[in-house]
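Data first, discussion second: the structure below is written as structure tokens.
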Amino acid sequence: MKYLMAFVVGGIICAIVQIFLEKTKLMPGRVMVLLVMTGVILGAVGIYDKLEQFAGCGATVPLSGFGYNLWKGVKEAVDQDGFLGLFRGGLKAAAAGTSAALIFSYLASLVFQPKMKE
């Protein structure tokens with residue numbers, strides 16, 4: 001049942017984003033920033049905690065989950081270190097995912113020889 005909920009919630013998030021991309025004139029980069037900010041805001045309000053418990057990876061894998069992860073890291077670091085946690089928390093919480101994205105995208109660029117679109 002947990003896998004089904006992850007699939008449904010992740011699919012709903014992706015479908016909403018796809019509709020948003022097709023029905024508005026916003027560029028994909030701005031939509032991605034909106035997703036991250038949505039995750040941060042829903043995390044700060046306390047809604048994303050419940051969504052993560054309900055959907056598991058269906059809520060944490062999309063970009064909104066990245067924003068929520070940043071929020072969690074900042075909140076924990078501020079609780080421990082005070083004001084300096086604002087700068088350290090998000091970087092520490094997201095370091096593994098960001099590093100993996102950079103490393104694997106670099107390896108993919110070596111294998112597939114990407115070219116600029118004309």
Side-chain angles (χ1 to χ4, degrees):
M1 192 63 170
K2 188 98 172 157
Y3 295 124
L4 180 62
M5 288 298 104
F7 178 77
V8 168
V9 171
I12 289 171
I13 292 171
C14 292
I16 290 170
V17 170
Q18 188 63 41
I19 291 168
F20 205 77
L21 284 169
E22 291 181 14
K23 299 296 182 185
T24 66
K25 293 184 179 184
L26 290 175
M27 299 299 290
R30 291 187 180 181
V31 173
M32 288 193 276
V33 169
L34 285 173
L35 275 170
V36 172
M37 291 186 63
T38 301
V40 169
I41 292 167
L42 291 177
V45 174
I47 295 172
Y48 218 90
D49 287 331
K50 295 176 180 98
L51 185 63
E52 181 187 31
Q53 290 172 358
F54 176 72
C57 288
T60 58
V61 170
L63 278 174
S64 55
F66 178 71
Y68 171 66
N69 191 27
L70 288 173
W71 163 252
K72 265 193 338 189
V74 168
K75 184 178 182 306
E76 290 171 4
V78 167
D79 290 343
Q80 288 178 351
D81 303 330
F83 181 73
L84 290 177
L86 286 173
F87 306 104
R88 187 180 65 83
L91 295 174
K92 185 177 178 185
T98 304
S99 297
L102 289 170
I103 291 167
F104 287 116
S105 61
Y106 176 72
L107 292 175
S109 73
L110 293 176
V111 172
F112 294 108
Q113 307 284 327
K115 296 181 180 119
M116 296 295 291
K117 290 184 179 181
E118 294 181 25

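What you see is a predicted model; the values in this text were computed from it and never measured. Each residue takes its place number in the sequence, starting with 1.
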Could you state the interatomic distance from [atom1] ([X]) to [atom2] ([Y]), rounded to the nearest 0.5 Å?
X	Y	atom1	atom2	value
Glu52	Lys72	CD	NZ	4.5 Å
Ile19	Cys14	CD1	SG	11.5 Å
Asp81	Phe83	CG	CZ	12.5 Å

Between [X] and [Y], is there a shared hydrophobic cluster once you connect ILVMFWY residues whose side-chain heavy atoms come closer than 4.5 Å?
X	Y	answer
Leu107	Leu102	no
Val33	Ile41	no
Val45	Leu42	yes
Val17	Met37	no
Leu70	Leu63	yes

Flag, side chain of Tyr48 to backbone of Ala59, donor-acceptor distance under 3.5 Å: yes
Would you name the heavy atoms of [X] and [Y] that are closest together and state the gap between them?
X	Y	answer
Ser64	Ile13	OG-CD1, 4.1 Å
Ala77	Gly89	CB-CA, 3.4 Å
Phe20	Leu34	CE2-CD1, 4.0 Å
Leu21	Leu26	CD2-O, 4.4 Å

Crowding at NZ, Lys2 (>12 non-hydrogen neighbours, <6.0 Å):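 More than 12 heavy atoms, drawn from other residues, nucleotides or ligands, come within 6.0 Å of this atom.
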Taking the side chain as every heavy atom from C-beta outward, state whether Thr60 and Cys57 have any pair of such atoms under 4.5 Å apart. yes
Does Tyr68 reach the side chain of Leu51, with side-chain heavy atoms less than 4.5 Å apart? no
